[in-house]
There are 2 protein chains.
Amino acid sequence: MSLVKVINTPNPSAMRDDRRRRDRERRLIEATLDCIANLGLRETTVQDIAAAAGMAVGSISQYFEGKEALYTAALDAIATEFAARVAERLAAAGDAPAERLRGYIDAYFDASTGQRRKVAVWFAFWGEVRAQPQYRSVCEEHDRAHDATVEALVADVLREARRDPTDAGALAKLLTSSCYGLWLELLTGNPKPSRESLHALAYRQLAALFPSHAADFAWREGRPHA
Amino acid sequence: MSLVKVINTPNPSAMRDDRRRRDRERRLIEATLDCIANLGLRETTVQDIAAAAGMAVGSISQYFEGKEALYTAALDAIATEFAARVAERLAAAGDAPAERLRGYIDAYFDASTGQRRKVAVWFAFWGEVRAQPQYRSVCEEHDRAHDATVEALVADVLREARRDPTDAGALAKLLTSSCYGLWLELLTGNPKPSRESLHALAYRQLAALFPSHAADFAWREGRPHA
DNA sequence: TTTCAATGAATGAACATTCATTCATTTATT
DNA sequence: AATAAATGAATGAATGTTCATTCATTGAAA
């Protein structure tokens with residue numbers, strides 16, 4: 001009785017507590033992303049994370065089961081953010097298949113999603129994805145939805161071009177693969193390429209895969225629109 | 001004097017020792033590659049490496065300055081092997097630009113170079129390349145030569161197609177990027193793609209980037225030739 | 001309204017574990 | 001027999017985790 005009452009009553013202090021809790025969780029995750037990007041998964045210590053978050057080491061266990069759980073949460077966070085960014089772009093795009101596909105690509109080279117810091121984290125986790133099943137699960141979970149989305153976008157463009165929509169799977173793989181490969185350039189490229197230059201290359205990839213829509217994928221200064 | 005003498009005189013026992021030394025170094029490097037592929041850079045211990053090599057932990061310090069030096073040697077080993085494989089393919093190819101470019105791509109999906117084990121190692125190091133300058137150096141060193149090679153190959157194909165050879169840099173980046181992205185599929189793909197299927201996709205990428213030579217890049221069962 | 005007791009979040013020093021390195025001993029080679 | 005190489009147990013530095021203590025916040029009592 002009283003338990004149910006407590007749960008159902010959204011008393012202000014409980015809400016404040018909840019908010020505070022979320023904030024601190026978020027701070028820890030952001031700190032973790034910073035550390036992974038700068039030090040790598042291997043050299044990052046809980047002391048580093050705590051310092052970056054401006055918290056005490058002990059506080060970590062208040063919010064996460066341990067360092068590994070925090071790592072997994074960080075991976076999930078960037079994967080979730082990426083998915084959200086894609087959804088955002090698609091929502092902002094019109095109905096034209098080519099425009100929608102362009103929006104999808106824009107998500108990769110977004111000021112937030114495409115920053116070196118984030119990309120470094122992706123590669124840090126990919127570097128251990130074979131060895132660590134928990135990272136594998138997170139990736140596979142997100143990939144499932146992601147792959148379906150891209151394939152549908154590609155299929156629409158193919159249909160518009162009166163090409164075989166059966167090809168969508170293969171072309172979608174080529175498209176995402178080249179984006180990930182371009183991301184790698186952010187980490188190893190010498191001299192360091194700008195995010196913009198990679199974004200432009202991704203557009204060239206689009207034009208190469210869908211020559212009939214090449215005009216839609218022409219790079220113009222000032223892209224992306226957001 | 002005597003030092004020079006020793007170096008110059010190839011007495012049999014010294015040669016045997018040298019050979020033995022190389023063999024054991026190689027065994028340690030192979031063991032390291034196995035461990036990195038299976039356990040990741042983080043979880044691999046020197047005990048794991050020693051066990052995999054069938055040696056004692058103490059022996060490692062006989063051959064390498066420490067674990068990090070062994071790691072760096074392992075990275076250098078796969079980079080060197082990859083370069084050798086490319087050179088091999090180019091030597092085996094004829095003079096036709098498209099055939100040479102095809103040979104270059106074949107090197108990525110080679111039975112040795114393209115095996116999951118090797119690719120996992122690449123990604124393990126890329127995951128730390130921003131954090132570890134010594135890995136960065138090795139990568140940059142090899143990349144320099146590699147990038148020049150690809151660009152030249154691409155430029156030749158462009159010239160043959162009477163297209164602007166100035167584009168070679170951009171197209172070369174798109175080509176290598178998509179190969180690395182396809183490699184990633186080997187690690188995260190679900191269901192696991194075969195090396196062959198990725199090889200075929202790489203050929204599609206070639207055909208997309210160089211439509212005038214599409215016939216040269218058609219995938220046929222039985223490829224690669226080696 | 002003011003005071004006081006109760007709560008639990010935050011902290012960081014202490015602890016236990018893991019692991020790279022070292023080196024005295026053993027084994028093989030000349 | 002002398003020399004060099006290989007070994008692996010011992011060592012201690014590094015680091016993730018734990019938990020007793022502190023302290024701000026909240027709600028009851030005066």
Side-chain angles (χ1 to χ4, degrees), chain A residues 2-3 5-7 9-29 31-32 35-36 38-74 128 131-132 134, chain B residues 2-3 6 9-29 31-32 35-36 38-74 128 131-132 134:
Chain A
S2 71
L3 181 65
K5 183 118 181 257
V6 168
I7 289 174
T9 310
N11 70 321
S13 86
M15 277 189 76
R16 219 177 320 120
D17 283 5
D18 202 50
R19 190 187 174 76
R20 177 186 168 75
R21 195 180 170 78
R22 274 178 218 287
D23 281 354
R24 303 204 96 212
E25 267 181 31
R26 190 70 219 174
R27 247 168 72 202
L28 279 173
I29 288 181
T32 305
C35 288
I36 294 174
N38 294 324
L39 305 170
L41 286 174
R42 213 159 31 119
E43 304 233 287
T44 294
T45 68
V46 288
Q47 355 276 334
D48 291 326
I49 295 172
M55 298 189 198
V57 276
S59 300
I60 292 175
S61 58
Q62 293 271 344
Y63 296 95
F64 297 94
E65 292 272 308
K67 195 196 188 190
E68 271 312 310
L70 184 48
Y71 273 4
T72 308
E128 302 238 304
Q132 304 282 350
Q134 69 272 31
Chain B
S2 73
L3 181 65
V6 167
T9 309
N11 72 321
S13 85
M15 279 190 73
R16 215 174 328 117
D17 284 5
D18 202 52
R19 189 186 175 74
R20 177 187 167 76
R21 197 180 168 76
R22 276 179 217 283
D23 281 354
R24 304 203 99 212
E25 266 181 31
R26 189 69 221 173
R27 247 167 72 202
L28 280 173
I29 288 180
T32 305
C35 289
I36 294 174
N38 293 324
L39 305 169
L41 286 174
R42 213 159 31 119
E43 304 234 287
T44 294
T45 69
V46 288
Q47 353 276 336
D48 291 326
I49 295 172
M55 298 189 197
V57 276
S59 300
I60 292 176
S61 56
Q62 294 271 344
Y63 297 95
F64 298 93
E65 292 273 309
K67 196 197 187 188
E68 270 314 308
L70 184 49
Y71 272 5
T72 308
E128 302 240 304
Q132 304 281 350
Q134 69 272 30

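In this text the structure is predicted, and so the values were computed from the model without any measurement.
Judged as a salt bridge (Lys or Arg N to Asp or Glu O under 4.0 Å), and not counting sequence neighbours, A/E43 has no contacts. Remark: A/R27 pairs with A/R24, A/M55 by the side-chain contact (heavy atoms from CB on, under 4.5 Å) rule, at least two apart or across chains. Under the side-chain contact (heavy atoms from CB on, under 4.5 Å) criterion, B/A131 pairs with no residue at all, not counting sequence neighbours. The salt bridge (Lys or Arg N to Asp or Glu O under 4.0 Å) search around A/E25 returns A/R21, not counting sequence neighbours. Remark: A/Q47 engages no residue in a side chain to side chain donor-acceptor pair (under 3.5 Å) (not counting sequence neighbours).
Contacts between residues 60-73 of chain A and DNA chain D, defined by a heavy-atom separation below 4.0 Å, involve A/S61, A/G66, A/K67, listed by number. Annotation: proximity of residues 40-54 of chain B to DNA chain D (heavy atom, distance under 4.0 Å) is found for no residue.
A 4.5 Å side-chain heavy-atom check between B/F64 and B/T72 finds every atom pair outside the cut-off.
Of the candidate nucleotides D/dG8, C/dA10, D/dA6, C/dA10 has the atom nearest to the side chain of A/R24.
For the pair B/R20 CZ and C/dT27 P, the interatomic distance rounds to 16 Å; values are reported in whole Å.
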Tabulate protein N/O versus nucleotide N/O from nucleotides 21-24 of chain D, keeping only pairs under 3.5 Å, one per line.
none

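The side-chain hydrogen bond (donor to acceptor under 3.5 Å, both in side chains) pairs that include a residue from residues 48-66 of chain B are B/T45-B/D48, where partners are two or more places apart or lie in different chains.
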